[in-house]
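A quick write-up on the structure given underneath.
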Amino acid sequence: MLSEILFFAFSDRLLKGKSTSVLFMIVAGAAVTRWTLLFLFPSTPVFIFTQIFHSLTFGLTHYAFMRLIYEELENKDIRATQGVYTSLGMGLSTAILTYIGGFLYDISPGSVFLGMVVVAPCVVLGEWMYWKYDRVLGGVFSY
């Protein structure tokens, strides 16, 4: 929680000029790092250390998406988009991954972390493909 507060306190200054695409790639890298460390070294000190990455995985995701919304949408569409983001991005995806995590936990508690290690690179791949095709198409999807 403290790392998130510090992140949001300095985020505008630290991230000025960075594209949201780059921010989402940083998020994915932090997520892979966090879940890999938790899978490989399941201990309280590692858990405490990886909470710093939570400010990157959760805080930066939220920051980047809010910035994306405000940069790309008209004012009349912002509230509805925030509602969809909150419902799907924070609600439904969490519910689905928690449900799947329950099955993985039955196999082994550590397999839950391994499952997240598998999910995070999918985000990296999706963002990379989006970035690549946006450049090829001349910024059609630019954000």
Phe7 vs Tyr63 aromatic rings, parallel, tilted or perpendicular, using cut-offs 30° and 60°?
perpendicular
Kindly indicate, with the supporting measurements, whether the criterion side-chain contact (heavy atoms from CB on, under 4.5 Å) is fulfilled by Leu38 and Met116.
CA-CA 10 Å; Leu38 287 168; Met116 292 306 295; over 6 Å; no
Closest approach of Val112 to Gly101 (non-hydrogen atoms, all atoms of both residues):
CG2-O, 3.4 Å
Examine distances only and state if a side-chain atom of Ser111 and a backbone atom of Ser108 form a donor-acceptor pair shorter than 3.5 Å.
yes
With the side chain counted from C-beta on, respond yes when Ser93 and Ile96 share a heavy-atom pair under 4.5 Å apart, and no when they do not.
no
dist Arg34:CZ -> Phe47:CZ (nearest 0.5 Å) comes out at 7.0 Å
Let me see the working for His62 and Phe8 under side-chain contact (heavy atoms from CB on, under 4.5 Å), right down to the final yes or no.
CA-CA 10 Å; His62 184 69; Phe8 284 118; 4.3 Å; yes
Separation between CG of Leu40 and CG of Leu114, rounded to the nearest 0.5 Å
9.0 Å
Rounding to 0.5 Å, atoms CG (Leu37) and OG1 (Thr50) come to a distance of 7.0 Å
Hey, are the side chains of Tyr70 and Gln82 touching, using non-hydrogen atoms and a 4.5 Å cut-off?
yes
Is there a side-chain contact between Leu60 and Leu15 in this structure, where contact means two heavy atoms from C-beta onward sitting under 4.5 Å apart?
yes
CG/Asn75: more than 12 non-hydrogen atoms of other groups inside 6.0 Å:
no
Are any side-chain N or O atoms of Thr36 and backbone N or O atoms of Thr33, one a donor and one an acceptor, separated by less than 3.5 Å?
no
Please determine whether residues Trp35 and Phe103 belong to a single hydrophobic cluster, defined as Ile, Leu, Val, Met, Phe, Trp and Tyr linked transitively by side-chain heavy-atom distances below 4.5 Å.
no
When you group the ILVMFWY residues by side-chain heavy-atom contacts below 4.5 Å and let the links chain together, are Phe10 and Val27 in the same group?
yes
Just verifying a value: how many Å separate Lys16 NZ and Ser11 OG, rounded to the nearest 0.5 Å?
13.0 Å
According to a hydrophobic-cluster definition based on side-chain heavy atoms being under 4.5 Å apart (Ile, Leu, Val, Met, Phe, Trp, Tyr only), do Leu88 and Phe65 belong together?
no
In the single-linkage hydrophobic clustering (I, L, V, M, F, W, Y; side-chain heavy atoms under 4.5 Å), do Leu23 and Leu6 co-cluster?
yes
ILVMFWY network linking Met66 to Ile78, side-chain heavy atoms under 4.5 angstrom:
yes
